[in-house]
Amino acid sequence: MTNRKKVFSAMRPTGALHLGHYFGALQNWVKMQDDMDCVFGVADWHALTTNYADPEDIKENTRQLIIDWLSIGLDSNKAVFMIQSQNLAHAELYLLLGMVTPIAWLERTPSYKEMRAQLTDKNLDNYGFLGYPVLMTADIIIYDSDYVPVGIDQVPHVELSREIVRHFHALYKTEVFVEPQPILTDVPKLPGLDGRKMSKSYGNSIALGESADSIEQKLKRMVTDTNRIRKTDTGNPDVCPVFDWHKVFSTQDERAEVCAGCRGAQIGCIDCKKILIKHVESLVAPIRERRKRFEVEVKDAREYIKTSQLRANEMAEQVVERVRQAIKI
Ligand code: SF4
C-alpha cells in the first residue's frame with residue numbers, strides 16, 4: 001500500500017496528438033508518473049459521444065494514442081494505462097451515478113452548450129452526449145482519484161464530479177468515494193499555426209510524429225504580426241503568434257534578440273522562424289524516432305497494455321463493489 005496521491009487523467013482517441021497536447025497535458029503527465037500513482041485512460045466511449053456515427057477510426061486512434069504516449073516518455077510500468085471500453089465497471093458505475101444525477105446539472109455544464117453550438121455538423125441530441133459528464137465522473141472516481149489535472153476551463157467538470165459524489169453520499173448516507181480535486185496545471189500558451197487554438201480539426205497543428213520537412217514548411221507559413229508586411233516594417237511580438245512559440249521554445253537571449261530585432265525591423269520573419277524550427281525539430285525528432293519503434297511493437301493496443309489494464313480493472317472492481325453495497329443491490 002502506498003501513501004502516494006492518486007491521479008486520473010484521460011484523452012479521447014480522436015486523432016494524432018500534437019504539440020498542443022504535449023504542452024497542455026502530456027509533459028505534465030510524464031512528471032506526475034514519477035511522484036504519484038497515476039491512471040491514464042483512453043476514453044474511447046467518450047469519443048463515441050460525438051463520433052457515434054463514424055466509429056471506424058476509434059480503434060486505430062487508440063493504438064496511435066498509446067504509441068504517442070510511449071513515445072513522449074509515459075511508461076506503463078510507472079503509471080497504469082487503461083482503455084475505457086475494456087473495463088466494464090466504468091459502465092456499471094456510469095449507470096448507477098446516472099440514477100442519482102439531476103438532468104439540470106448536465107444541461108448547465110458549460111461545455112455541453114459550447115460543443116452543441118460549435119459542432120453544428122453533428123446531431124448531438126443523443127442521451128450519451130448529455131450524460132458524458134456522468135461517465136467522466138465514473139472514470140475519475142472509480143480509481144479513488146485524489147486529483148485530476150485540468151486546465152482552468154475544465155474546472156467546472158471536476159466540480160460537477162464533486163457534486164455528484166456529495167449527492168451520492170448524502171442519499172445513501174455513506175462515504176463511498178474519494179472526492180476528487182482539480183490540480184490546475186500551468187499550461188503555456190501555444191496557439192495554432194493560424195493564431196487560433198491549436199486543433200487537428202483546424203489544420204493548424206504540428207503532430208508529435210511530424211516530419212522535419214513538414215515542421216519547416218508549416219512554421220514558415222505560420223501567421224505573424226499581420227501589420228508587418230516587409231522586413232523594413234517594424235513588428236510587434238506582443239501580437240505575433242510566432243513569438244508565443246518563442247516564449248515556449250527559445251532561450252531568454254534568443255527571445256530578447258527576436259524582440260529587439262522585430263521591433264527595430266532588423267530581423268526578418270523567416271530568420272525569426274528559423275530559430276523556432278531548430279527548437280521544434282529538436283523536441284520532435286526523438287519522439288519521431290521512438291514512434292518508429294513503438295509503431296512496430298504496439299501491434300494491438302489492448303494486447304500491449306494488457307497487464308496494466310488488468311490492474312486498472314481490479315482497482316475499479318473494488319470501488320464498484322463498495323457502491324453495490326452502499327445501494328444494497
Ligand atoms: S519577426 Fe518574429 S515576432 Fe516579429 S512579426 Fe516576424 S515572426 Fe513575429
Side-chain angles (χ1 to χ4, degrees), residues 11 14-31 64 68 71-73 114 118 149-154 184-291:
M11 286 186 172
T14 49
L17 296 185
H18 52 63
L19 292 177
H21 297 112
Y22 180 78
F23 288 104
L26 294 171
Q27 190 186 36
N28 193 38
W29 288 16
V30 172
K31 286 185 208 137
Q64 291 297 327
D68 275 331
S71 304
I72 57 107
E114 274 164 34
Q118 276 169 18
V150 288
I152 188 87
D153 54 326
Q154 293 159 327
L184 272 176
T185 44
D186 197 10
V187 176
K189 185 184 171 200
L190 193 74
L193 299 166
D194 57 1
R196 293 186 290 171
K197 183 180 182 329
M198 191 183 291
S199 164
K200 190 175 168 244
S201 56
Y202 291 158
N204 65 2
S205 59
I206 288 184
L208 294 178
E210 197 90 38
S211 71
D213 190 44
S214 179
I215 289 173
E216 185 174 347
Q217 295 312 316
K218 283 186 169 183
L219 282 173
K220 279 186 174 166
R221 288 198 302 269
M222 182 171 179
V223 294
T224 59
D225 171 1
T226 46
N227 288 322
R228 193 177 188 213
I229 317 272
R230 288 171 293 270
K231 189 179 169 183
T232 48
D233 298 334
T234 56
N236 181 3
D238 295 339
V239 297
C240 178
V242 174
F243 197 67
D244 285 324
W245 282 52
H246 276 294
K247 289 181 196 157
V248 175
F249 282 97
S250 303
T251 65
Q252 210 172 351
D253 287 352
E254 285 168 330
R255 282 199 301 275
E257 186 192 325
V258 162
C259 209
C262 178
R263 291 188 200 282
Q266 289 129 357
I267 184 172
C269 291
I270 288 294
D271 286 331
C272 171
K273 289 174 171 181
K274 277 184 184 161
I275 300 170
L276 260 187
I277 291 167
K278 179 189 71 180
H279 286 305
V280 174
E281 171 58 11
S282 66
L283 173 75
V284 173
I287 299 175
R288 200 166 51 224
E289 273 313 298
R290 288 197 293 270
R291 273 197 121 271

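Numbering of ligands and ligand atoms starts at 1, following listing order. Numbers here simply count residues along the sequence, with the first being 1.
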Can you list the ligand 1 atoms lying under 4.0 Å from a non-hydrogen atom of [X]?
| X | answer |
| --- | --- |
| Val242 | 7 (S) |
| Thr224 | 7 (S) |
| Asp225 | 5 (S) |
| Cys262 | 1 (S), 3 (S), 4 (Fe), 5 (S) |

[Y] backbone acceptor or donor facing [X] side chain under 3.5 Å:
| X | Y | value |
| --- | --- | --- |
| Arg228 | Lys231 | yes |
| Glu289 | Pro286 | no |
| Asn204 | Ser199 | yes |

Ligand 1 contacted by Arg228 (non-hydrogen, < 4.0 Å):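 Yes, that is the case, since the closest heavy atom of the residue is under 4.0 Å from the ligand.
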
Gly235 to ligand 1, any heavy atom closer than 4.0 Å: no

Contact partition for Cys240 relative to ligand 1, non-hydrogen atoms under 4.0 Å: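 Within the 4.0 Å criterion, Cys240 contacts ligand 1 through side-chain atoms alone.
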
Nearest atoms (heavy-atom pairs only) where Met11 meets Trp29: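 Heavy-atom minimum between the residues: CG-CH2, 3.8 Å.
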
Residues, nucleotides or ligands: over 12 heavy atoms within 6.0 Å of Lys247 NZ: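 Yes.
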
Contact flag Cys272/atom 2 (Fe) of ligand 1, N/O/S atoms, threshold under 2.8 Å: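 A backbone or side-chain N, O or S atom of Cys272 is under 2.8 Å from atom 2 (Fe) of ligand 1.
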
Pairing of Lys278 and Glu254 as salt bridge, 4.0 angstrom limit: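 Salt bridge present between Lys278 and Glu254.
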
Note: Asp244-Lys189 ion pair, threshold 4.0 Å (strictly below):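 Looking at Lys189 together with Asp244, the answer is yes, because their closest N to O distance falls below 4.0 Å.
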
Nearest protein heavy atom with distance in Å, relative to atom 6 (Fe) of ligand 1: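 Result for atom 6 (Fe) of ligand 1: Cys269 SG, 2.3 Å.
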
